[in-house]
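Heads up: the structure comes next, in structure tokens.
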Amino acid sequence: ASVFGADSVALGSDWHLTVGARYDRTTVANRDALRSAPNPASLDGDHVFARLNPAVGVNWNPSRAVQLYAGYNEGSRTPTAIELGCANPAQPCKLPNALAGDPPLRQVVTRTVEAGVRGELAPATTWRAGVFRAVNRDDLLFVSSDASGQGYFRNFGKTRRQGIELGAATRAGPWSADFAWTLLDARFMSGERLNGAGNSSNDAGPGLAGAIDVAPGDRLPLVPRQILKASLELATDARTNLALDLVATSGAPARGNENGRHVADGVFYLGPGRSAGYAVLNLGATMQATRSLTLFARVANLLDRRYATAAQLGPTGFDSTGRFVAQPLPPDDHGRLPLRSSTFYAPGASRLFSAGLRYAFD
């Protein structure tokens, strides 16, 4: 259940103040059909999360050519049932295969400050630039437990995301263009000990399921440093538009390489421990057949580019040539059987053709 409100107040002809707040109350009730409380492994639990998140912003608009803004806001995220179901350090689990215990967790709270400037160079050209900084407190992380290869969720400290955003849009006759670029720096701000299975720098030895230490300043996994979006549109006549858009991102560390120290050796560890950057082109067309009927078609990933949207470290049964090996490595001096690990990728969608219609009823 939520309730929210916002209002804007003019502080003169050029200044405007906006204030708002949102109150959220969330309940999560887990029931274990196999083990009932007080069994320590039971998933039974009733959790209530409530918070009032404020927001305030100010705009100064001296002219259409230059407009400045600044703001502060807070947001919160309730732990999910699966996070609550694997939050007991005495009952660790192997996600997503099993859950184990259901102690309480705190909400993740994000505090964001932002400022920027926007304006017009001409009636058909606009531009914008901004900076932002968001800090998550009590962030939720799947941390390592004493049981090899297992872990649990817990609130652990702070993460930070900060960066710069630039953009512009223009129109000239039937042509229009828009671009937006983001430089994003996402890092851990607190130290933690994580499951290091698949990471060459883990403390158990090559091929074994040890742990890694994350230090303040290490980069968050799966978050690219640069994101670019651009589009070019042509109005061929009053009813038909063609649009070409580009989405590009830089590479990002793989999940499991949170400390940034993974190095492939071709024997125990395969793959670079990160995903590569990519750029994807999309082509679309729309036609206003009647006042109510719109026809559209789109080709996503026009060049059929092969790319990955994310990466993760993990054990594999294949060697560097793609050949399956049931027991690839001999036991070590302590009789432990090491595993070969690789960088796994989440593949991006291949070329996709789609078409359809939209109808607006009067």
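Since the model is a prediction, treat every value here as computed from it, not as a measurement. The analysis underlying the following values was restricted to heavy atoms, covering all of them including side chains, and did not include hydrogens, waters or symmetry mates.
- Side-chain contact between L242 and T236: present, with at least one pair of heavy atoms (C-beta onward) separated by less than 4.5 Å.
- Pairing each heavy atom of P206 with each of P338, the nearest pair is O-CB, 3.6 Å.
- N301 places a side-chain N or O within donor-acceptor distance of the main-chain N or O of A349, the cut-off being under 3.5 Å.
- The one candidate from D213, D218, N199 that meets the side chain to side chain donor-acceptor pair (under 3.5 Å) condition with N259 is N199.
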Please evaluate residues R187 and D185 with respect to the criterion salt bridge (charged side-chain N to carboxylate O under 4.0 Å, His left out), reporting the C-alpha separation (whole Å), side-chain torsions for both, the decisive distance (0.1 Å), and the verdict.
CA-CA 7 Å; R187 298 183 183 273; D185 181 62; 2.8 Å; yes

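- Going from atom CG of L184 over to atom CD1 of I227 covers 6.0 Å, rounded to the nearest 0.5 Å.
- When all heavy atoms are compared, the tightest approach of P253 to V223 is CD-O, 4.4 Å.
- There is a path of hydrophobic side-chain contacts, each under 4.5 Å, that joins V19 to W15.
- Counting only distance, with no hydrogens or angles, the side chain of T126 and the backbone of E120 share no donor-acceptor pair below 3.5 Å.
- Here the side chain of T316 pairs a donor or acceptor atom with the backbone of F318 at under 3.5 angstrom.
- No path of Ile, Leu, Val, Met, Phe, Trp and Tyr side chains, each step under 4.5 Å between heavy atoms, connects F296 with F361, placing them in separate hydrophobic clusters.
- When atom types are taken as modelled, the side chain of D24 and the backbone of S2 share no donor-acceptor pair closer than 3.5 angstrom.
- L228 and L281 end up in the same hydrophobic cluster when Ile, Leu, Val, Met, Phe, Trp and Tyr side chains are linked at under 4.5 Å.
- The heavy-atom pair separating R160 from L220 by the smallest distance is O-CD1, 4.5 Å.
- Here the side chain of N202 pairs no donor or acceptor atom with the backbone of A211 at under 3.5 angstrom.
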Kindly determine whether E192 and R154 satisfy salt bridge (charged side-chain N to carboxylate O under 4.0 Å, His left out), including the steps that lead there.
CA-CA 11 Å; E192 190 50 79; R154 83 172 184 89; 2.5 Å; yes

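- Summarising the geometry of L84 relative to H47, their closest heavy-atom pair is CD1-CD2, 3.6 Å, with the distance given to 0.1 Å.
- Considering only heavy atoms from C-beta on, T112 stays 4.5 Å or farther from E74 through its side chain.
- No hydrogens or angles considered: nothing links the side chains of S342 and R340 as a donor-acceptor pair under 3.5 Å.
- The heavy-atom pair separating A311 from T343 by the smallest distance is CB-CG2, 3.9 Å.
- With hydrogens and angles ignored, the 3.5 Å screen pairs no side-chain donor or acceptor of S275 with any backbone N or O of A310.
- The structure places CD of E83 at 10.0 Å from CG of L141, a figure rounded to the nearest 0.5 Å.
- For the 3.5 Å distance criterion, the side chains of R51 and N53 qualify, holding a donor opposite an acceptor.
- Contact annotation: the side chain of L313 never approaches that of F344 to less than 4.5 Å [non-hydrogen atoms, C-beta and beyond].
- Under 4.0 Å is where a charged nitrogen must lie from a carboxylate oxygen, and between R171 and E233 no such pair does.
- Between D178 and K229 no salt bridge is recorded (no basic side-chain N to carboxylate O distance below 4.0 Å).
- At a threshold of 4.5 Å between non-hydrogen side-chain atoms, the residues V299 and R351 count as touching.
- Considering every non-hydrogen atom in both A252 and L222, the closest pair reads CB-C, 3.8 Å.
- In the displayed structure, R306 atom CZ is contacted under 6.0 Å by at most 12 heavy atoms of other residues, nucleotides or ligands.
- For R239 and Q288, the side-chain atoms include no donor-acceptor pair closer than 3.5 Å.
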Pair L246, S231 - check side-chain contact (heavy atoms from CB on, under 4.5 Å), show working.
CA-CA 6 Å; L246 170 73; S231 65; over 6 Å; no

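- Here the side chain of Y23 pairs no donor or acceptor atom with the backbone of A1 at under 3.5 angstrom.
- Checking side-chain atoms of S190 against main-chain N and O of K158 turns up a donor-acceptor pair under 3.5 Å.
- D138 places no side-chain N or O within donor-acceptor distance of the main-chain N or O of N155, the cut-off being under 3.5 Å.
- The backbone N or O of S200 lies less than 3.5 Å from a partner atom in the side chain of H262, making a donor-acceptor pair.
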Residue pair N282, R298: steps toward the side-chain contact (heavy atoms from CB on, under 4.5 Å) verdict
CA-CA 7 Å; N282 307 298; R298 179 175 172 82; 3.3 Å; yes

